[in-house]
Undergrad: 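Got a structure for you, questions after.
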Amino acid sequence: MAIAACVRQIVTKPMQQGRIGVRHEVAWMAQTLRGYSAPVAAAERLTRSGLKSDAIPASNAERMGLAALATSATSAGICRRRVGRRYNTVATATATLEAPTEILRKDYQQPSFFIREVTLTVRIFDGRTEVASRMLLEKNTGGSLPLDGEDLKLKKVLLCGKELKEGEGYTLEKEKLIISADALEAGDSTDLWLETEVEIEPEKNTQLSGLYFSGSMYCTQMEAEGFRRFTYYLDRPDVMAKFTSVRLEADESKCPILLSNGNRIDSGKLEEGRHFAVWSDPFAKPSYLFAVVAGDLASIQDKFITKSGREVHLEIFAAKEDKDQLWHAMRSLQNSMKWDEERFGLEYDLDIYNIVAVKDFNMGAMENKSLNVFNTSLTLAREDTATDDDYERIEGVIGHEYFHNWTGNRVTCRDWFQLTLKEGLTVYRDQEFSADMGSRARKRIEDVRILRAAQFPEDNGPMSHPIRPEKYAAIDNFYTATVYNKGAEVIRMYETLLGRDGFRKGMDLYFERHDGNAVTCDDFRSAMQDANGRDLSQFERWYLQAGTPTVTATDAWDAETGTYSLTLKQTVPDTPGQMDKLPMQIPVRVGLLDRESGKELMRDTVLELCEESKTFELKLDETPSGRPVPSLLRGFSAPVKLEYDYSDEDLSLLAGFDTDSFNRWESMQRLGSKAVLDAFKTEDIDSFQPDATFMDAMKRIVQDKVTDDLSLIAYALILPTESTLMQQAKPPIDPTRLHEARNRVRKVIATELEDDMRKRYDELTPKDDEKYVIDGPSSSQRRLRNVLLAYLCTSGDAKAAELCGKHFKTAKGMTDKLAAFSCLCNIPDSQEAKEAIEQFLADANGDANVIDKWFASQARADVDDLLPRVKKLMEHPEFSLKNPNRLRSVVSVFISSPQFHLPDGSGYDFALEMIPKVDALNPQVAARMANGAFRTWRLLDEKRQKMILDRLADLSKAGLSKDAAEIVSKMQA
């Protein structure tokens with residue numbers, strides 16, 4: 001499921017405008033992050049022996065110090081002294097909210113029964129839907145059978161054709177239908193069929209989990225625990241069943257399209273204008289991969305010929321008015337299918353593949369077997385409605401969901417603690433796909449920007465958890481940047497350690513062993529280990545330990561022997577519930593450069609740091625005249641923080657001569673961080689001047705005509721996001737002052753380099769008769785031009801407004817139009833801005849994705865009175881709390897902005913007001929909102945800490961859902 005695309009979506013705008021972001025800063029953050037969300041050999045292969053146990057042995061758990069397995073924080077909620085020192089916490093929390101009941105990974109048990117076959121009949125009527133299920137049970141341990149169910153109206157229960165009565169054959173408890181052991185023992189042991197009939201109301205389902213109504217269609221979202229809102233079931237991923245018959249019935253005029261998983265095997269007319277369709281999926285799957293769509297939709301069709309010569313029918317559905325925006329998604333799907341065959345030898349296994357674009361969707365997309373459901377923001381694209389970042393994001397998420405067919409569907413998770421098994425692995429695969437489709441260097445920089453802006457703060461906050469969590473109250477809260485993005489980095493380290501060929505051998509063995517099974521992260525690690533003859537037992541600590549390790553490097557140079565000595569020392573920080581951690585297995589890719597010429601003296605070498613400290617001696621064939629300059633952690637070979645005492649001159653040399661594109665960019669990020677943090681610490685920010693080395697480096701980048709990929713130049717010019725800077729500054733931090741410091745550095749750059757920037761901007765400006773092209777080079781050209789525009793408009797004066805206005809009016813596509821519009825929103829009282837605000841909305845012509853952009857650009861504007869403007873936006877008739885995209889485009893965007901942390905606490909009051917309102921409609925979205933708002937509170941100054949804790953105390957009394965309550969409880973712990 002794709003949430004990482006939503007995260008990417010949140011991080012790209014600030015890239016262009018210099019504001020904070022995680023791809024909530026670079027997709028709200030790629031407007032600032034991009035968002036992800038989210039069978040086989042015969043079912044007989046899913047035997048009890050195929051369900052592997054990965055419980056931690058008690059001795060190992062003790063050695064790891066996994067206090068995460070212990071109880072939650074005390075009811076007083078006082079921060080531990082040790083944690084308080086670490087975060088410089090000066091305020092304490094008095095919690096009144098009872099922490100929700102948590103589920104522990106160590107308590108995993110197999111179900112008492114498996115479900116091997118399912119038939120469903122779904123009858124859709126106005127205001128109600130009837131769901132009749134028939135399940136073939138297989139006894140495992142036996143006893144009673146507890147089935148999950150939420151907000152269901154039970155009509156009937158039958159066992160082996162005999163109707164059961166409440167209190168005799170079954171009982172109803174909170175969110176459970178329990179079939180008694182006596183009734184099950186009395187049934188036919190060779191053919192145990194359980195039937196239920198329930199009624200639900202999808203039109204009233206604002207949680208968007210289970211079956212709900214959106215626009216012109218009924219659709220489902222079952223991951224993680226939505227199937228229980230559809231019918232009673234063993235709603236857990238280790239129960240894999242064949243859905244042999246799914247019959248859908250509805251009014252044909254309202255729902256002419258009826259879709260489910262697998263292949264359609266029958267259809268026809270019914271009385272009173274109704275019709276039906278029957279679908280059958282030959283592959284066993286868990287309930288979270290089940291899907292239904294019924295509505296009045298349009299579609300485009302194409303095909304794909306697999307490497308074995310089979311023809312696969314491809315069809316993408318959307319609302320009728322959006323049909324012409326689907327072709328980029330189709331091409332992305334075909335590219336994904338071809339890439340997976342070529343890179344991993346994985347071929348699609350059915351004869352049909354459907355995608356449906358939905359306007360109301362909590363996540364980015366969902367990989368339901370053969371019937372993907374997508375957020376429209378990650379499906380629809382046309383040059384006048386979608387930016388270059390949108391096109392790239394759509395391609396990546398289409399790939400992500402397709403790749404899940406093998407890494408998630410054919411081999412799935414034993415339990416939800418193993419979520420990174422499918423998501424981390426599949427994010428890695430979609431990153432590699434995007435790198436091969438475009439620029440590998442640029443993609444790597446983008447992925448690390450997201451990791452640092454979204455995941456590093458998570459690792460450093462109250463919600464810190466390993467990529468494989470040890471406990472949860474609401475699993476929806478663990479669709480996180482840690483599970484997804486850090487999980488992908490862990491997968492990448494396997495390839496770094498084993499090589500591409502070794503990684504492929506491990507993947508092949510993984511599928512050979514586990515195709516058709518529900519397995520664990522340990523099973524994946526074992527496949528990698530066994531296929532390559534490597535001991536990867538220490539590598540398990542990446543799954544066990546939370547926190548971002550710090551690698552500190554020191555060096556020595558022996559000119560006589562030509563030996564360069566590099567000492568690496570690692571520290572794994574304490575995190576909530578985990579202290580005194582063991583060393584990780586960290587691959588550190590290094591190179592060496594000549595200090596005088598910049599020539600590479602030693603090419604990529606991977607050093608494995610497995611101890612707390614180790615010295616590596618590197619013998620050079622060619623002895624330089626002076627001490628070499630190390631290029632450390634090339635390609636960001638491990639998700640760690642690197643500390644090395646680089647001089648500004650060293651960084652300038654690396655920025656100009658390093659053969660590793662990532663480290664060239666990283667050197668500029670280090671120089672930029674130093675400049676901003678120096679400004680932050682100075683008494684008078686308004687008079688601060690960055691040092692000459694940094695300014696000279698920036699000038700060289702603006703003037704660079706050698707680098708072919710202009711995106712690399714664009715990224716080098718962008719200062720680190722404020723979210724990243726928050727992790728580098730020493731607490732307590734005044735976020736308003738940090739924002740002012742970053743803006744000051746940007747303003748100085750823009751002022752001193754104005755002539756060079758304007759010259760380069762004009763060179764990149766397309767001619768009037770130049771055709772608008774969507775491809776890599778054209779996108780990079782627009783990216784650099786728009787970064788320059790953002791700098792040229794930092795003054796906010798009449799000259800800046802005029803340039804932005806012209807850029808807006810002459811834009812040939814959404815990329816340039818949105819870049820100009822976002823800059824104009826920073827000077828909202830100018831005539832050019834007022835005209836653009838009216839024109840942008842008029843040009844949208846009702847297109848929801850474009851209107852979301854209109855809202856988001858204004859909600860993240862860098863203006864002092866942003867909060868009143870946001871509240872005014874919420875009064876607009878196009879705004880709705882019920883649509884997640886629209887809600888995020890205003891409320892979530894504001895919460896991620898610097899103005900959220902206004903000294904008077906009004907931003908915190910706004911969050912206190914909005915979280916309960918949203919929670920009453922959609923707990924998943926509310927929980928993410930609470931997490932995004934308050935996760936960094938321990939890094940802030942005393943006044944803000946106290947204000948936030950006061951608001952958290954109020955939220956703890958607000959009667960929140962399990963999802964939101966878990967976040968609020970952990971924030972105070």
Side-chain angles (χ1 to χ4, degrees), residues 8-9 11-21 23 25-32 34 383-393 438-439 442 445-446 449 698 701-702 704 707 709-719 721 746 749-750 753-754 756-767 770 772-796 800-827 832-833 836 840 850 853-854 856-857 860-862:
R8 282 197 301 262
Q9 205 166 12
V11 187
T12 331
K13 290 296 182 232
M15 285 172 45
Q16 296 178 351
Q17 301 168 40
R19 288 186 293 277
I20 67 170
R23 272 197 210 247
E25 285 184 9
V26 176
W28 297 117
M29 266 178 183
Q31 297 237 57
T32 299
R34 293 184 180 176
E383 63 186 40
D384 63 320
T385 65
T387 65
D388 294 328
D389 289 328
D390 291 332
Y391 273 88
E392 293 172 6
R393 189 160 51 248
S439 163
R442 173 169 56 83
I445 291 170
E446 291 174 350
R449 289 196 71 199
M698 292 293 284
I701 290 169
V702 174
D704 182 358
T707 302
D709 189 344
L710 298 184
S711 285
L712 299 181
I713 300 176
Y715 289 138
L717 290 173
I718 299 169
L719 295 175
T721 67
R746 293 186 70 249
I749 294 169
L753 303 182
E754 180 179 7
D756 292 304
M757 286 185 165
R758 183 57 195 255
K759 179 181 178 182
R760 194 73 193 268
Y761 172 87
D762 290 338
E763 292 171 353
L764 295 168
T765 299
K767 303 294 188 295
E770 189 172 331
Y772 189 91
V773 179
I774 298 173
D775 61 16
S778 301
S779 171
S780 291
Q781 179 174 322
R782 287 189 287 269
R783 182 173 284 113
L784 176 55
R785 180 171 177 257
N786 289 330
V787 167
L788 294 170
L789 174 71
Y791 272 110
L792 292 169
C793 295
T794 54
S795 64
E802 181 182 2
L803 178 61
C804 282
K806 181 179 179 182
H807 193 110
F808 179 84
K809 290 178 180 178
T810 58
K812 298 179 180 180
M814 179 53 70
T815 300
D816 290 339
K817 184 176 183 177
L818 184 61
F821 181 67
S822 297
C823 289
L824 286 168
C825 288
N826 294 333
I827 41 178
E832 290 86 351
F840 197 102
V850 178
K853 292 176 171 66
W854 181 81
S857 294
R860 66 164 62 89
D862 194 357

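Numbers for residues simply follow the sequence, beginning at 1.
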Undergrad: Consider only side-chain N and O atoms of Glu446 and Tyr715, and report whether a donor and an acceptor are under 3.5 Å apart.
TA: yes
Undergrad: How long is the straight-line distance from OG of Ser822 back to CZ of Phe808, given to the nearest 0.5 Å?
TA: 10.5 Å
Undergrad: Looking at Met757 and Ala750, what are the two nearest heavy atoms and their distance?
TA: SD-CA, 4.3 Å
Undergrad: Return the set of residues passing side-chain contact (heavy atoms from CB on, under 4.5 Å) with Glu802 (not counting sequence neighbours), or none when no residue passes.
TA: Glu832
Undergrad: If you compare all heavy atoms of Ala861 against all heavy atoms of Cys825, which two are closest, and at what distance to 0.1 Å?
TA: CB-O, 3.3 Å
Undergrad: If every non-hydrogen atom of Cys823 is compared with every non-hydrogen atom of Ala790, which pair is closest and at what distance?
TA: SG-CA, 3.9 Å
Undergrad: Check this for me, if you would: do Arg783 and Asp388 make a salt bridge, where the nitrogen-to-carboxylate-oxygen distance has to be below 4.0 angstrom?
TA: no
Undergrad: Would you find a donor on one side and an acceptor on the other, under 3.5 Å apart, between the side chain of Arg760 and the backbone of Asp704?
TA: yes
Undergrad: For the pair Arg746 and Asp862, find out whether any cationic side-chain nitrogen is under 4.0 Å from an anionic carboxylate oxygen.
TA: no
Undergrad: So do Tyr772 and Thr815 actually touch side chain to side chain, heavy atoms under 4.5 Å?
TA: yes
Undergrad: Just so I know, are the side chains of His807 and Asn786 near enough to count as touching, which here means a heavy-atom distance under 4.5 Å?
TA: yes
Undergrad: Using 0.5 Å steps for rounding, measure from the OG1 atom of Thr707 to the CD1 atom of Ile713.
TA: 4.5 Å
Undergrad: Looking at Gln781 and Leu764, would you say the former's side chain and the latter's main chain have a donor-acceptor pair under 3.5 Å?
TA: yes
Undergrad: Give me the atom names and distance for the closest heavy-atom approach of Leu717 to Val702.
TA: CD2-CG2, 3.7 Å
Undergrad: Would you check if Tyr791 and Leu753 make a side-chain contact, meaning some heavy-atom pair closer than 4.5 Å?
TA: no
Undergrad: Measure the OG-CG distance between Ser780 and Leu712 for me, rounded to the nearest 0.5 Å.
TA: 7.5 Å
Undergrad: Taking side-chain contact (heavy atoms from CB on, under 4.5 Å) as the definition, give me every residue that meets it alongside Ser439, ordered by chain and number, with sequence neighbours left out.
TA: Ala441, Arg442, Asp709
Undergrad: Asp390 vs Lys853, test: side chain to side chain contact (heavy atoms under 4.5 Å, CB included). Steps then yes/no.
TA: CA-CA 11 Å; Asp390 291 332; Lys853 292 176 171 66; 2.9 Å; yes
Undergrad: Could you walk me through whether Asp762 and Arg758 pass salt bridge (charged side-chain N to carboxylate O under 4.0 Å, His left out), step by step?
TA: CA-CA 6 Å; Asp762 290 338; Arg758 183 57 195 255; 3.0 Å; yes
Undergrad: Can you list the residues that meet the side-chain contact (heavy atoms from CB on, under 4.5 Å) rule with Ile827, with sequence neighbours excluded?
TA: Ala801, Leu824, Ser830
Undergrad: Is there a donor-acceptor contact under 3.5 Å from the side chain of Ser778 to the main chain of Ile774?
TA: no
Undergrad: Using a strict cut-off of less than 4.0 Å between a Lys/Arg side-chain nitrogen and an Asp/Glu carboxylate oxygen, indicate whether Asp756 and Lys759 qualify as a salt bridge.
TA: no
Undergrad: Just by modelled atom types, is the Glu383 backbone N or O under 3.5 Å from a matching donor or acceptor in the Tyr391 side chain?
TA: yes
Undergrad: Please round to the nearest 0.5 Å and tell me the distance separating atom OG1 of Thr810 and atom CG of Asp816.
TA: 7.5 Å
Undergrad: Parallel, tilted or perpendicular: which one describes the rings of Phe821 and Phe840, with boundaries at 30° and 60°?
TA: parallel
Undergrad: As an exercise, state the distance from OG1 of Thr387 to CE of Met814, rounded to the nearest 0.5 Å.
TA: 8.5 Å
Undergrad: Would you compute the distance between atom CG of Leu789 and atom CZ of Arg782 and round it to the nearest 0.5 angstrom?
TA: 14.5 Å
